[in-house]
Structure formats: C-alpha cells, structure tokens
Colleague: 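There's a structure below that I have some questions on.
These numbers were taken from a predicted model, which means no experiment stands behind them. All values below were derived from every heavy atom in this structure, side-chain atoms included, with hydrogens, water molecules and symmetry-related copies excluded.
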Amino acid sequence: LTPRTGAVEMSARDPWVIVGAGRVGRMMGLWAQGAGVEVAATWNRSQESASGTRVLLGVTGLSGALPDALAGLEQRPYVIWLTVVDDALQGVAESIADWVPDGSVVLHTAGSESSSVLRAAGVPDASRVGSLHPLLAVSDPRKGLERAPTCTWTVEGDAEAVEVAREVASWRGI
C-alpha cells in the first residue's frame, strides 16, 4: 500500500486467499499458479467443493463457517479474492471483514456490484478494495482461463487495488 497508510506495498504476487472457489475462483487459482503466485488457501461452503478445489489446485481447501474457517491462516497481508455469486457477495464480505489482515487487497469478481459493497460490509480502511470482473461465462475453470484474454474485463476500486488487479490481468495479456 502507499506510504500514507504506513503499510507495506502490496503486489499481485503476494499470497492469495480465494473465498468462493467455484468455477471463477478455481479459474483465478489456476491463473495465479500459472504466474507462479502462491495460493495460500481457498474456501468453499461445502467440504465436497473444498475437496474438488484441493484436487484441482493442490492447495489448502477450507470449508465451514466464515470467518472461523480462515482463523488458522497466518495473520499477514494477502490478496483476497471474493469469487462468490453476486447475491452472496455482501454477506460473505460481512463474514470475513473482521478477519481481513491489515494491508491486504480485497478484490471481488461480481459483475453487478462495485467495490463500495466491500467497504459497506466492513472491510477495514487499512486494506484496499476493488473489483476485477470478466464479461465471460465460466463453465469450466480451465476453459475460462484459456478464454480470459479474449473477453472484456472491468476494473475499479481504490488506486492500489486497481493497480494489483491490472497486474493480474497483465499476466494473461489483458
């Protein structure tokens, strides 16, 4: 982050936590891995989905109630992706707001919401918020990753979050 916060500057290459690792979340996990970025953990509502994510990405797949499911993660800044369906975004953001480590960048992929929903949900001012949304139907994470460079993307949010989102997009030539 910027010197005005007194926090360390974040990069898209800092470890990721993906909350809502369904099709889009798994696509983002593959995206990170293709760029050599550590996915520290993913979270799904069900253990079955968490197991599927663990098999595909080979990372810690958490499930259960939020924020308790994330409690075992090291308290350090992360790039946190909320890749849940649009209707669930507000509730999930509210659930994790008190857990979000200072200095993190919290990004969502919901097309119908701006990043202001994250602040309204209580994501702390010591973190940056934004969104990066593909105008793409992702029916399969691998196919979505292949098609990602061919679709239109929207990005918005705090300047630092937008910078991180643009860095992520650049890895796929977007």
Colleague: Hydrophobic clusters here meaning ILVMFWY residues chained together by side-chain heavy-atom distances under 4.5 Å, can you tell me if Val79 and Leu70 are in one?
Modeller: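 No.
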
Colleague: Measure the shortest side-chain to side-chain distance between Thr150 and Leu136 over non-hydrogen atoms and say whether it is less than 4.5 angstrom.
Modeller: no

Colleague: How long is the gap from SG on Cys151 to CZ on Arg172, to the nearest 0.5 Å?
Modeller: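 Output value for this atom pair is 11.0 Å.
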
Colleague: Can you pull out every ring-ring contact (aromatic ring centres under 6.0 Å, His included) where at least one residue sits in residues 40-61? Sequence neighbours excluded, please.
Modeller: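 Of all non-adjacent pairs touching residues 40-61, none passes ring-ring contact (aromatic ring centres under 6.0 Å, His included).
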
Colleague: Within a strict 4.5 Å, meaning less than it, do heavy atoms of the Pro101 and Leu73 side chains meet?
Modeller: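 Counting from C-beta outward, Pro101 and Leu73 never come under 4.5 Å.
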
Colleague: With side chains defined as the heavy atoms from C-beta onward, is the minimum distance between Arg13 and Glu167 less than 4.5 Å?
Modeller: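 Yes; the side chains approach each other to less than 4.5 Å.
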
Colleague: Is there any ring-ring contact (aromatic ring centres under 6.0 Å, His included) pair reaching into residues 54-81, and which pairs are they, with sequence neighbours excluded?
Modeller: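 Sorted pair list: Trp16-Trp81.
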
Colleague: Any non-hydrogen side-chain atom of Val164 less than 4.5 Å from a side-chain atom of Leu132?
Modeller: no

Colleague: Over all heavy atoms of both residues, which pair between Val106 and Leu118 is shortest? Give the atoms and the distance, please.
Modeller: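 Residues Val106 and Leu118, closest heavy atoms: O-CD1, 3.6 Å.
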
Colleague: Working to the nearest 0.5 Å, report the span between CD1 of Ile96 and CG of Asp68.
Modeller: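 Separation between the atoms: 13.0 Å.
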
Colleague: Within the supplied structure, the quantity of interest is the number of heavy atoms (other residues, nucleotides, ligands) at a distance under 6.0 Å from Arg23 CZ; does it exceed 12?
Modeller: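 Not buried by this count: 12 neighbours or fewer within 6.0 Å.
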
Colleague: Which pairs with one or both residues in residues 107-150 pass ring-ring contact (aromatic ring centres under 6.0 Å, His included), sequence neighbours excluded?
Modeller: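 Of all non-adjacent pairs touching residues 107-150, none passes ring-ring contact (aromatic ring centres under 6.0 Å, His included).
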
Colleague: Mind checking whether Val19 and Val37 sit in one hydrophobic cluster, side chains of I, L, V, M, F, W, Y counted as touching below 4.5 Å?
Modeller: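 No, Val19 does not connect to Val37 through the hydrophobic network.
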
Colleague: If you count heavy atoms of other groups shown closer than 6.0 angstrom to CZ of Arg76, is the number above 12?
Modeller: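 Yes - once you tally the heavy atoms of other residues, nucleotides and ligands closer than 6.0 Å, there are more than 12.
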
Colleague: If I take atom OG from residue Ser49 and atom CG from residue Asn44, how far apart are they, to the nearest 0.5 angstrom?
Modeller: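 Reported value, rounded in 0.5 Å steps: 5.0 Å.
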
Colleague: Can you tell me if CD on Gln75 sees more than 12 non-hydrogen neighbours from other groups inside 6.0 Å?
Modeller: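 Yes, enclosed.
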
Colleague: Return the minimal non-hydrogen interatomic distance between Pro141 and Arg26, and the atom names on each side.
Modeller: CG-CB, 3.6 Å

Colleague: Looking at Ala21 and Thr42, what are the two nearest heavy atoms and their distance?
Modeller: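 Answer, listing the atom of Ala21 first, then Thr42: CB-CB, 3.8 Å.
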
Colleague: Locate the shortest heavy-atom distance separating Leu62 from Ala50; write the atom from each residue and the value.
Modeller: O-CB, 3.5 Å

Colleague: Enter the distance from Glu156:CD to Glu113:CD here, rounded to the nearest 0.5 Å.
Modeller: 10.0 Å

Colleague: Look at the side-chain heavy atoms of Ile, Leu, Val, Met, Phe, Trp and Tyr, link any pair under 4.5 Å apart, and say whether Val39 and Val168 land in one connected group.
Modeller: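 Yes; Val168 is reachable from Val39 via cluster members.
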
Colleague: Hydrogens and angles aside, do Arg119 and Ser116 bring a side-chain donor and acceptor to less than 3.5 Å of each other?
Modeller: no

Colleague: Could you give me the CA-CA distance, side-chain angles and deciding distance for Val59 and Gln33, then say whether side-chain contact (heavy atoms from CB on, under 4.5 Å) is met?
Modeller: CA-CA 10 Å; Val59 301; Gln33 290 178 335; 3.6 Å; yes

Colleague: What distance separates Leu107 CG from Met28 CE, expressed to the nearest 0.5 Å?
Modeller: 8.0 Å

Colleague: Rounded to the nearest 0.5 Å, how far does CD1 of Ile80 lie from OG of Ser127?
Modeller: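 It is 6.5 Å, given to the nearest 0.5 Å.
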
Colleague: If two hydrophobic side chains count as joined below 4.5 Å and joins carry through other members, does Leu57 share a cluster with Trp171?
Modeller: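 As far as the 4.5 Å side-chain criterion goes, Trp171 and Leu57 are connected within one cluster.
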
Colleague: Check whether any side-chain heavy atom of Pro124 sits under 4.5 Å from a side-chain heavy atom of Val100, and report yes or no.
Modeller: yes

Colleague: Side chains of Thr83 and Met27, heavy atoms from C-beta outward: is any pair under 4.5 Å?
Modeller: no

Colleague: Determine the minimum heavy-atom distance between Ser112 and Asp86, stating which atoms define it.
Modeller: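 Heavy atoms of Ser112 and Asp86 come nearest at OG-OD2, 2.7 Å.
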
Colleague: Does the side chain of Val105 come within less than 4.5 Å of Glu160's, by heavy atoms?
Modeller: no

Colleague: Any idea which heavy atoms bring Ala69 and Ser63 closest together, and the distance?
Modeller: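 Scanning both residues completely, I find the closest heavy atoms to be CB-O, 3.4 Å.
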
